[in-house]
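These notes concern the structure reproduced below.
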Amino acid sequence: MMMRFSLSSLGVLLIGTLSASFDASVASAQFSARVRQPYKESVVVERDAVVIALSQKPTPWGTQPTLPGYFAWRLDASNVSSFSFALVADTMMRANDLTQIVQGSSLRRCQDPSVISSHACAIPMTDSLGVKDAFVQMVVRDSATVRFFLEQRPGFVVVTTFLPEGRYRVERHRVRYRVAGG
Amino acid sequence: MIAPLTGFLTWCLLALLPGARHQAQEPETPTAVEELRTPASARSSRDSIEMRARMSLRIAEFHSAWQTAWRESELARRRVPTDRPTRGKRLPFLHCHNDGRDWGAADGRIEVLRVADGALIADGYILQEIKSAHSAYAVCPSWLLATSVESADDESIAIEGAIIDDLRAPVRALRGKLLNTLDSASTQYPGDGWLSGQRVRLYLDQDEPAGAIGAATACAAELWWCKALVAFVHAKKGDLRGAETLYVAMQNAMPPALRCEWDNLEGLLQPNERKDYRSLDCSAKRALNTRLWWLADPLFRTSSNERFVEHYTRRVEIALRTAVARDERYSWVEKDGGDAIISMVERYGWPTYTAWAGYEEDTNHTTYLDAFHGPPMAPYTTFEYTIGRVRTMPPVAVTKNPFVNLDSAMQLRAENERGEPVTQWWPAEHFRPERPIVQLRASQAALFRRQSNSLVAVASAIDHPAIVRSRAGAHDVILLTTREPGKIDSLALTRVRTGATAALRGIVPSDARVIAVESHSATPDTPDARTRFGVTPPPPLDSMKRGDIAVSDPAILTPSETGTLPAPSEELLNRMMGTTVLDSAHRRIAVYWETYGVSALDTVTVYVRVASDEQLSTVRRVGIALNVASDPNREVVQRWTEPDAQRGTQTLDGPIPVQMRTIMLNLSQLEPGQYVLEVGLERKDGVTSSGRRRITITR
């Protein structure tokens, strides 16, 4: 590992050091105890399906303007062997209605997980898509996908939500296994 | 400062393109379902809205991939054991809630102090938050919070500096593919300013300036925006002069309302100056801006104003990033809290390093924001800047009369005795000049009357510790003067060695003005140095009437090795001391001054006095009376009557005679303290005149 820049090399005087005893875990606990958990997205692996719930918006607060653009959700698991698939709108939309967006989208597996264009993920997947409690509900029955989860058992997936005008959000979600041995 | 950018964002996204403008104003757009029934391939391929939507997704996908690489980089850094002590230190800056609750010392474990201006000090660093006007989100920019960062380069120079070595090549390859896609789109939509801007930004991030300049010069959108892009590339390439010229052209080509927004400097001012500035109309702001930029110029000797270029480069940077709503990490949507980041970048530029504390900390912070009805802004990071940056934007009050107290108002940064910047200074704005600049610590200036103008003599010691440490050989030192924006005159130039005193003098009109001394060394790492101050020259000899008398400022000179003085002449000013602080090695000094209106035959009493101007406390007076304390009011006085053949006075005859005088003084009997050196004349008829200088005697 290299040290590319340093304060000391710039001749800095670190003055008035009060304490380095700050305990990050205490602060974290303070936050966690005070506030509620707003997210409901989840990834649940069952014997023959992966059930995924995704929110539409990066912001559950307020309403997004109906801007023209593409919607996409990209799910990547890379802590074991890479795997990636995307729920991506087939066409540009001017919409803010989740049902309409889901109707115009299809779920596709990425042949090459390193390809960043969701539109380049072209392998059709067996799925059923819907909207439940303002969340996109995906039930993925694609055998390759289910097999991947069951064999590789990724603990987390990274979900990236893309909205029009370059908005996106990256989140990591724990994968729950509702199968024997899970 | 924030609102104008909203206007720009709207304009940039919706108004640059005729098609976009039409779409934005047309409410009867197809419904989502109708659009769904019409595949993109069946519609016009020249639909710029469609193109922009596709490119937005491509760019966002690249951004998210970059972010993944960056997260991996940060997680790798956190696995380094030496990183552990910095985590707790960084957390207050990362969470950045200046509400005194979460970081209070209730349990005695979190030591954060509140200081007078509402800021906090955490671990010796100022924790000054910039709040969003729309959300509970805030940012706390700071100096670098660790002495080193593993496997990181300065990302204000190249964004990939935030990525560890192993991941840079893949990221670069992804950006290359994205650029290919954008280039293809640009051949179909050369008039799309949004697309041109994103190509410029991404080519610069890719370290391909040729591609950036190609994209900027091919821009066929509105003139001002294309000029902004070309200027941006020039600035990033280090061509400050070219960038400044283009930014001025950009300003002139802007629609008036937009220019007013971009010219708003409110964010760069001191907090107590902002309200008055906000109340000014556009023309009044522009007039004030002209004077602000004049004095904000870091160095008058250079042909470009680096601070001006930096400001508009930051503006274009912000415009490019707000145009995509979210960049590689941060949301630039104002109502989500992006206004805090916009304000930070405008005031301080792009940070050097941003530390991320991991997914769990993101979740914690997001839930905190949620409790205050704020949208998530993950990833949450610190915003750390290399120390040693300078503030050059002057106080507004100084622009109204820069000829008074300019020197004390124009200090570049706070530093300790060793000339090192200190972490407990955090100004309203700062920037990092291409070459570091330091403030010359001491100087001496004196003014002398001439026939129709004035002679200004300045001496400055080129001995700032940072210069001495750099081991530079020689420095070109220049004396400059300016009275109004756009007019800077050089008066004299000299070359001195490190640690020596540069003594310069030049003729200036007899009106109030700014005087500047600036040094530059060819040695690459040696800081440039400057000092500037206001002067009000005395009236010239032309304006004196027969019978008037006057005395110049006294100039303190370094005596010769032998302790003798040559005949008085203007040339002696080459020996002016570069300071008015006299340490124990400088108890013997020489003084040069001039008298006006006294001929060689006139009878006058001449005096030189060095006397304390300190008020004595009662205790001290009692101590002096009891002979247990020294009397700092002891003074040194010499007084004589002329004509006196023993005095080596040099007289220049004329309608108003000028006499040049010197004297040696031994100040060793004076206690350390503040004194006034006064040189004066008393004529038989009771008419008197004197010149004064404040000096400090130290141990």
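Here is the naming used below: chain letters follow the sequence lines, and residue numbers restart at 1 for every chain. The structure presented is a predicted model; accordingly, all values stated were derived computationally and were not measured.
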- Note on the structure: Counting heavy-atom pairs under 4.5 Å with chain B, the top scorer among A:Ala72, A:Ser118, A:Gly69 is A:Ser118
- Message: If you define the side chain from C-beta out and look only at heavy atoms, does anything of B:Pro376 sit under 4.5 Å from A:Arg169?
- Response: yes
Just verifying a value: how many Å separate [X] [atom1] and [Y] [atom2], rounded to the nearest 0.5 Å?
X: A:Arg167; Y: B:Asp336; atom1: CZ; atom2: CG; result: 7.0 Å
X: A:Met92; Y: B:Met51; atom1: CE; atom2: CE; result: 11.0 Å
X: B:Thr363; Y: A:Glu171; atom1: OG1; atom2: CD; result: 7.5 Å
X: A:Glu165; Y: B:Ile59; atom1: CD; atom2: CD1; result: 12.0 Å
X: A:Arg174; Y: B:Tyr359; atom1: CZ; atom2: OH; result: 13.0 Å

Side chain, backbone, both or neither of [X] within contact of chain A (heavy atoms, under 4.5 Å):
X: B:Arg321; value: neither
X: B:Asp362; value: neither
X: B:Ala65; value: side chain

- Side chain A:Tyr168, main chain B:Glu328, donor-acceptor under 3.5 Å: yes
- Could you give me the CA-CA distance, side-chain angles and deciding distance for B:Glu50 and A:Tyr70, then say whether side chain to side chain contact (heavy atoms under 4.5 Å, CB included) is met? CA-CA 9 Å; B:Glu50 165 84 25; A:Tyr70 283 90; 2.5 Å; yes
Heavy-atom pair with the smallest gap, counting every atom of [X] and [Y]:
X: B:Ser56; Y: A:Gly166; result: CB-N, 3.8 Å
X: B:Arg71; Y: A:Val170; result: NH2-O, 3.6 Å
X: B:Ala53; Y: A:Pro68; result: CB-O, 4.5 Å
X: A:Phe162; Y: B:Ser64; result: CZ-OG, 3.4 Å

- Item | A:Thr160 portion near chain B, given a 4.5 angstrom heavy-atom threshold | side chain
- Task: For chain A, find which of B:Arg326, B:Gln67, B:Glu415 contributes the most heavy-atom pairs closer than 4.5 angstrom.
- Result: B:Arg326
